[in-house]
There are 2 protein chains.
Amino acid sequence: QGTRDLPPARAALRARLLAAVVRCFQRHGAAPMDTPALELRETLLGKYGAEGRLLYELQDQGGERLALRYDLTVPFARYLAMNKITHMKRYHVAKVYRRDNPATSRGRYREFYQCDFDIAGQFDPMIPDAECLKIVHEVLSDLQLGDFLIKVNDRRILSGIFAVCDIPESKFLPTCSTVDKLDKIPWEEVRSEMVGERGLSPEAADRIGEYVLLHGGLDLVEQLLQDHKLSQNKLAKEGLGDLKLLFEYLTLFGIAEKISFDLSLARGLDYYTGVIFEAILLQPENDHVEEPIGIGSVAGGGRYDGLVGMFDPKGRKVPCVGVSIGIERIFSILEQRVEASGQKVRPTETQVLVATPQKDLLAVRLKLISELWDAGIKAEMLYKKNPKLLKQLQYCEDTGIPLAAIVGEQELADGVVKLRDVATREEVRM
Amino acid sequence: QGTRDLPPARAALRARLLAAVVRCFQRHGAAPMDTPALELRETLLGKYGAEGRLLYELQDQGGERLALRYDLTVPFARYLAMNKITHMKRYHVAKVYRRDNPATSRGRYREFYQCDFDIAGQFDPMIPDAECLKIVHEVLSDLQLGDFLIKVNDRRILSGIFAVCDIPESKFLPTCSTVDKLDKIPWEEVRSEMVGERGLSPEAADRIGEYVLLHGGLDLVEQLLQDHKLSQNKLAKEGLGDLKLLFEYLTLFGIAEKISFDLSLARGLDYYTGVIFEAILLQPENDHVEEPIGIGSVAGGGRYDGLVGMFDPKGRKVPCVGVSIGIERIFSILEQRVEASGQKVRPTETQVLVATPQKDLLAVRLKLISELWDAGIKAEMLYKKNPKLLKQLQYCEDTGIPLAAIVGEQELADGVVKLRDVATREEVRM
């Protein structure tokens, strides 16, 4: 359930997509890395909040208690701590596993690829964070997915808001999860969940509402820095100061106009500690609609300064910031687009079919194709002793092979090969 | 246990290795494909003989009973049957899972990559089989692993031998497994396992020994075709006839001299039905040693004409032949070679470091690096506001970045960038 086979045309499209993302990560100087799909259960437990119930656990077959990785971030943090690595810029493209309710039409599966880029290390504020946002901008632009918006916020600002609204600290994370639903359900429902399920007072919920419904740009950062309540809160002030710096760097990168400071962005996972962000694709603008509507998150990430320390016996922290490209959702959008356009994705790259027009020439084909392979040329032949020429040319047309190298009795006698352009039917002897 | 993290330099080396194998598969016109790492337990059970005990099973968490895939062949057969596909040439590079005793120094892990190329479909005999052997030859030659030998045999010949030695059919597969140990233990031990564990008579074991210790080339095929007992057996005769044809095709491919018809080759898995093969690397020849000694299997495969039918409700068969490149063992050999040579594998591909020689020039660096990224150039900068120039150049040397693009106050005033070759220290203004 929630997994799938990927037939050739789709596998080829996904391979191209993954290659484009990897090219971007490599452009930013990240090194590849790999960790096992299996982790000790205890490594993963308690790292994902309520989502931890979605772990796939293995049977205890007389060894360790194992689970399938849920994301690539926790294994990365475990790796850094285990090897006492204090700085690293890496990417990791691999499958992760979640026993979630699949929604396969929207690209939500139980086994899916994640494409992660992370920068670990103690650096000057917001420079690595800005690079993560630049990467999101580059990937989404490269893939020509249409207009998009990158929402940013900071967990410290949310904590500050909860604090000045007199929410007890134990309720910060659950309230965060509730706020995070604002991109899917209206404020009234979020408010009643806060009051009903989270046990906040209606007044506190209303005060939170005054903040989390705000969104804007650098101007909103400045405005909140002047907010008489919020500016008194140490965490909020730090967060706002960092966001101001972040906007400065993003302006230098030339991408600030795609960034929205959105106080309703909270992100589901527990491990974020600072800047958080999420990119959404916008539907094409429509005269009848005032604002473009998001059609779902295609990238997300943030700062998690405490996670590595959870794996270190002495609790030594390694600050980290990273981004995960939501490749499966992008893949399902691109697939729909390819399908709508009627284009066919060619799953193979064969350049030439080795063909013979008469019988008893299998040996000739075998010798010629072997020479082509050894010369690095992508070549195929039909696995028949005496195929008809028409069948061979038909195979080229069906599979998109552009050339046929034809050797018949005449060509053999003349010591040449006839090279035929399958589309134009032009032939040259060589 | 038996899994590992792959740090950047090793991950980069493995990525290059996998890319070389994929290039070979694509050269032969194979299409990519993917299946989930999770399969239904019942799909995998009963396909691997005694090795089936090594399956990783998942907990039943209120859904299906799942296991991690043990190889890529059974999922491929399941895919063909499910989708009623009667012919396909595909490759699949992915991790598989086996709860085996790990021997990590020899590249044997519980989680490891397989690189598979398979041809499914009803074709004229031995043409696809010969291509699989050509692929093994190409991959091992490309990777410059040193001298190698490809052993071939045919399950039908082994069955014929067992039949003419009066072994009951129920003992064919177990006897096969015992014969397969001849590459690791001497004949005397194999013989006593046949008699002791498999319950064969000493005479039958000795008669088997007369056959399975033989190896040679086409001449041996011809000799056995004249063998008065074996030539009476229908299966053996078919197998020998096909091997003769195979040698003919391999001669046309120019690779027959690397092929050894070896009657001790049996292969562990139950699903093979015809030609089987296995490639071994040979130790460099030594004056004191008569014959070069194998240092382990690095590729293997064969024909499995019955497997797809096991997944089809009506038992419809799709003949298949395929090869699996033992990439992990090759990887461990290449790693040892890199280590021995003292070479360093550079895990990143960064072309240029953007550097500044004075303070307060972070904005200049951010603007320039952003232009470089947008132009597709692989660029890095230090995540510090005011790094020392020496530190920046040191970073280039440490990580192998060949160029530094330096912008100081002078260059800013002149509207130029100073491009420095890190190794030669040559500089040009541009």
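Just so it is clear, the model here is predicted, and its values are computed rather than measured. Chain identifiers are assigned alphabetically (A, B, ...) following the order of the sequence lines, protein sequences preceding nucleic acid strands; residue numbering begins at 1 within each chain.
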Can I get a per-line list of side-chain donor-acceptor pairs under 3.5 Å for residues 58-67 of chain A, giving both atom names and the distance, sequence neighbours left out?
{"unit_1": "A:Q59", "atom_1": "NE2", "unit_2": "B:L58", "atom_2": "O", "d": "3.3"}
{"unit_1": "A:D60", "atom_1": "OD1", "unit_2": "A:G62", "atom_2": "N", "d": "3.1"}
{"unit_1": "A:D60", "atom_1": "OD1", "unit_2": "A:G63", "atom_2": "N", "d": "3.4"}
{"unit_1": "A:Q61", "atom_1": "OE1", "unit_2": "B:E57", "atom_2": "N", "d": "3.2"}
{"unit_1": "A:Q61", "atom_1": "NE2", "unit_2": "B:L55", "atom_2": "O", "d": "3.1"}
{"unit_1": "A:E64", "atom_1": "OE1", "unit_2": "B:Q1", "atom_2": "N", "d": "3.4"}
{"unit_1": "A:E64", "atom_1": "OE2", "unit_2": "B:Q1", "atom_2": "N", "d": "2.9"}

- Message: Holding to side chain to side chain contact (heavy atoms under 4.5 Å, CB included), I want the full list of residues that pass it with B:Q122, two or more places apart in sequence or in another chain.
- Response: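 Scan of B:Q122 (side chain to side chain contact (heavy atoms under 4.5 Å, CB included), adjacent residues dropped) gives B:P319.
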
- Report the residues that fulfil side chain to side chain contact (heavy atoms under 4.5 Å, CB included) with A:K384, sequence neighbours left out, ordered by chain and then residue number.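 With neighbours one apart ignored, the set is A:P387, B:D124.
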
- Item | Options B:R99, B:R4, B:K385, ranked by heavy-atom pairs under 4.5 Å with chain A, top entry |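 Heavy-atom pairs under 4.5 Å are most numerous for B:R99.
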
- SB check A:R14 B:D34 (cutoff 4.0 Å):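 So A:R14 pairs with B:D34 through a salt bridge.
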
- Item | N-O pairing of B:E349 and A:R27 below 4.0 Å |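 Judged by the 4.0 Å cut-off on N to carboxylate O distance, B:E349 and A:R27 do not form a salt bridge.
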
If you compare all heavy atoms of [X] against all heavy atoms of [Y], which two are closest, and at what distance to 0.1 Å?
X     : Y      : value
B:P36 : A:T3   : CG-OG1, 3.5 Å
A:M88 : B:P8   : CE-CG, 3.4 Å
B:P32 : A:P347 : CD-O, 3.2 Å

- Message: Under 4.5 Å from any heavy atom of chain B, what part of A:A30 do you find: side chain, backbone, both or neither?
- Response: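 When you check distances to chain B, only backbone atoms of A:A30 fall under 4.5 Å.
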
- chain B contact via A:L68 - side chain, backbone, both or neither, heavy atoms under 4.5 Å: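 It is the side chain, since no backbone atom gets that close.
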
- Message: Heavy-atom cut-off 4.5 Å, strictly under: side chain, backbone, both or neither for B:E131 against chain A?
- Response: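 Just its side chain gets close to chain A.
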
- Task: Determine whether A:S370 and B:L252 make a side-chain contact, defined as any pair of heavy atoms from C-beta on separated by less than 4.5 Å.
- Result: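 A side-chain contact is absent here, since even the closest heavy-atom pair is not under 4.5 Å.
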
- Message: Is there a side-chain contact between A:W373 and B:I135 in this structure, where contact means two heavy atoms from C-beta onward sitting under 4.5 Å apart?
- Response: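 SC-SC contact between A:W373 and B:I135 ruled out.
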
- What are the residues of residues 359-367 of chain A, in order of number, with any heavy atom under 4.5 angstrom from a heavy atom of chain B?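 Heavy-atom contacts from residues 359-367 of chain A to chain B are A:L362, A:A363, A:L366, A:K367.
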
